[in-house]
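Accompanying notes for the structure given below.
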2 protein chains.
Amino acid sequence: MPPRTQHRRTSISDVARHAGVSVGTVSNVLNRPDRVSPGTRKRVEAAIAELSFVRNGSARQLRAGRITTVGAIVLDISNPFFTDVTRGIEERLTADDYTLMVASSDRDPEREARYLRLFEEHGVRGVMVVPTADSIEHLLAVRERGIGVVLLDHPSPVESVSSVAVDDVNGGAMATRHLLDQGHTRLAFLNGAHSIRQCADRLEGVRLALAEAGRDPDEALVEVTVSLDADGGEAGIRALLDAPDRPTAVFCVNDLVALGALRTLRRAGLSVPDDVALVGYDDVTFAAELATPLTSVRQPRHELGTRAADLMLRGGDAPAEHVVFQPELVVRESSTSAPA
Amino acid sequence: MPPRTQHRRTSISDVARHAGVSVGTVSNVLNRPDRVSPGTRKRVEAAIAELSFVRNGSARQLRAGRITTVGAIVLDISNPFFTDVTRGIEERLTADDYTLMVASSDRDPEREARYLRLFEEHGVRGVMVVPTADSIEHLLAVRERGIGVVLLDHPSPVESVSSVAVDDVNGGAMATRHLLDQGHTRLAFLNGAHSIRQCADRLEGVRLALAEAGRDPDEALVEVTVSLDADGGEAGIRALLDAPDRPTAVFCVNDLVALGALRTLRRAGLSVPDDVALVGYDDVTFAAELATPLTSVRQPRHELGTRAADLMLRGGDAPAEHVVFQPELVVRESSTSAPA
DNA sequence: GTGAAAGCGCTAACAC
DNA sequence: GTGTTAGCGCTTTCAC
């Protein structure tokens, strides 16, 4: 049976009494030690230690409005992309002694709204959000109430809200140009639903690069809509294998999809890259570690986070900024042979 | 220039004034709506909407002591294992309308202590901690102050502190027995530092299984100490390849290490599993998706989290519990041919 | 350098 | 059913 003594938490006045000083003095020791004479300070510090006093953050925040907490809402915390972004945020915040509360919306606008309210109740100084929907009305409302808002991995639709994003159009274009450079003419794109901004943008980039090369996107490209995981990649490749005019190159909207695609191609007896070239997106940890290392579009995940936190920590009166990072194509074996 | 109006947050008394009622009534609408007549309730709700009022959580908590926040400190939030554990925790907490604050200690006892204090200041009801060190003195101190403590992925060294863990000794033994069953006689174990409890335990399991089979662990086993990532696996295999008596089976302390091992074996022209059988640990998402699907020891990550949250949410006077889950061996191609 | 006291926004106990 | 009010623990003037 644990001795979980449920007595009242020891408060600043307990410490004051124990040290024979006033609560104001204890508060000074805690917040402006230089204002207190060394003697009393020692005494108060001893009392704090003896009673193992821990400040009540709620009271502190209620009184002082001193807010050192920031919230972040990402689409899916188990996605390595967002994990790395989060770490970037945390690293930057820690440097300024801020704390981060993270939540995952799981692409559900209701969950996003729920966490948003929760963070607001907890008096966060600001929130960094990967929006689930294109509308950011609700975020503007939050901002009206004096809470900082930074859009994560999403370009801002309005001038007044800061944002940090990666150029997905260019990412799609880079991947496509690379495949065209390798001599491929029939391309497939395993993509997610166009309602997901990243997917729509990457498609736009693909079409752009095709047009650039003088190809008609409607002819040179087969787009297959799949779920954003390995099963999606498997289904996508199955659909392509059955088609009469098999593409020689497949671009996948993320690395998990590419993983499923790779597996399925191999099982079908096709060689990557000799029969089919493959390019993924995100450059997750294991992309380089696969039996056939995967060419992938790398995004500056960590920097995305640190930069977002940067924008968050600037004063509320600083003008909004819209940062757009450029992705980088990491070429590996999965795309570097000439097509058969 | 954002209109970040820094005026005072609208409070419950603003709402009361706007609706022409008292603060008590507004509070009642918020907390016990049934106590309020439908007419006034409507009016108050309208005022809340119009002023877009959001409750001040600090004041609420300060007054009511109503604590619905729980903290979790894991070793490394970017490790898929801990991500899944965290999701399990969150899921369970959400069901009871609790909120989770997550932090990553990065195996640094100082960071652990820092977050522990922070959580305590924020008045969390309890903390779930994967301890960085074997000592849990500091956690006992926290518990003394009325805060619940549950050890995560770590068996409790004391009866009075609840814990949730997975049997790593058995996990190591299962993997080893499987390899022995396949006819292997010369085994290697790519392991981490023994100061990490999981590593020490898994080694114990390996030796146990060898002894069980009548083998002398010191003879039948080569242990190589590596870093807990893919580079570690690569280095480990390199060391083994140079050895005179190459093992025919390699057990890796986690799947990332196994990934590096797999890659390096292939590059050396060795077939997995025909030349060398391979077993990993954790059964991460991509284990099944590799060109040679990886046999791995699966841990009930999600359940580990939900169970820990369960223990956390029980009343403070419930007796401590020590839950130990059993891992499960997931057999795939990387270990299922007879040795060459 | 130190103490006294006001009050942050809220909930709950108690009047009416 | 609704209003009034006392604090929760803290920071911060403002006296002394």
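Here is how names work: the chains are called A, B, and so on, in the same order as the sequence lines, proteins then strands, and each is numbered from 1. Bear in mind the structure is a predicted one, so any value in this text is a computation, not a measurement. Note that these values count all heavy atoms, side chains included, but never hydrogens, waters or copies made by symmetry.
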Between dG9(C) (P) and Asn31(B) (CG): distance, integer Å: 17 Å

For atom CG of Asp34(B) and atom P of dT2(D), their distance in whole Å: 12 Å

Asp76(B) with Arg87(A): basic N within carboxylate O range, under 4.0 Å: yes

First of Ser11(B) and Ser37(A) reached from the 5' end of DNA chain C, by closest nucleotide: Ser37(A)

Within-4.5 Å side-chain heavy-atom neighbours: Leu116(A) and Glu121(A): no

Salt bridge Arg92(A)-Glu303(A), side-chain N to carboxylate O under 4.0 Å: no

Separation of atom CG in Leu30(A) from atom P in dG9(D), rounded to whole Å: 15 Å

Test item: Leu228(B) and Ile196(B) side chains (from C-beta on) under 4.5 Å apart, heavy atoms: yes

Arg17(B) CZ - dC10(C) P separation (whole Å): 12 Å

Distance-only side-chain donor-acceptor flag, Ser22(A) / Thr25(A), under 3.5 Å: yes

Under 4.0 angstrom between Arg55(B) side-chain N/O and dT11(C) OP1 or OP2: yes

Arg9(A) CZ - dC10(D) C1' separation (whole Å): 12 Å

Integer-rounded Å distance: dG9(D) P and Phe53(A) CZ: 10 Å

Residues that Ser162(B) engages under side chain to side chain donor-acceptor pair (under 3.5 Å), provided they are two or more places apart: none

Earlier contact from the 5' end, DNA chain C, for Arg32(B) and Arg43(A): Arg43(A)

Separation of atom NZ in Lys42(A) from atom C1' in dG1(C), rounded to whole Å: 16 Å

The helix from dG1(C)-dC16(D) to dC16(C)-dG1(D): angle between end helix axes, five pairs per end, rounded to 10 degrees: 40°

Side chain of Thr40(A) - closest among dC10(D), dT12(D), dG1(C): dG1(C)

SB check Arg55(A) Glu120(B) (cutoff 4.0 Å): no

Protein proximity profile, nucleotides 3-8 of chain D - base contact B, sugar-phosphate-only contact S, no contact -, cut-off 4.0 Å on heavy atoms: BBBBBB

Heavy-atom check, side chain of Val150(A) versus side chain of Val129(A), under 4.5 Å: no

Residues Glu112(A), Arg107(A): salt bridge by 4.0 Å N-O rule: no

Length of the line joining Arg35(B):CZ and dT2(D):P, which is rounded to integer Å: 12 Å

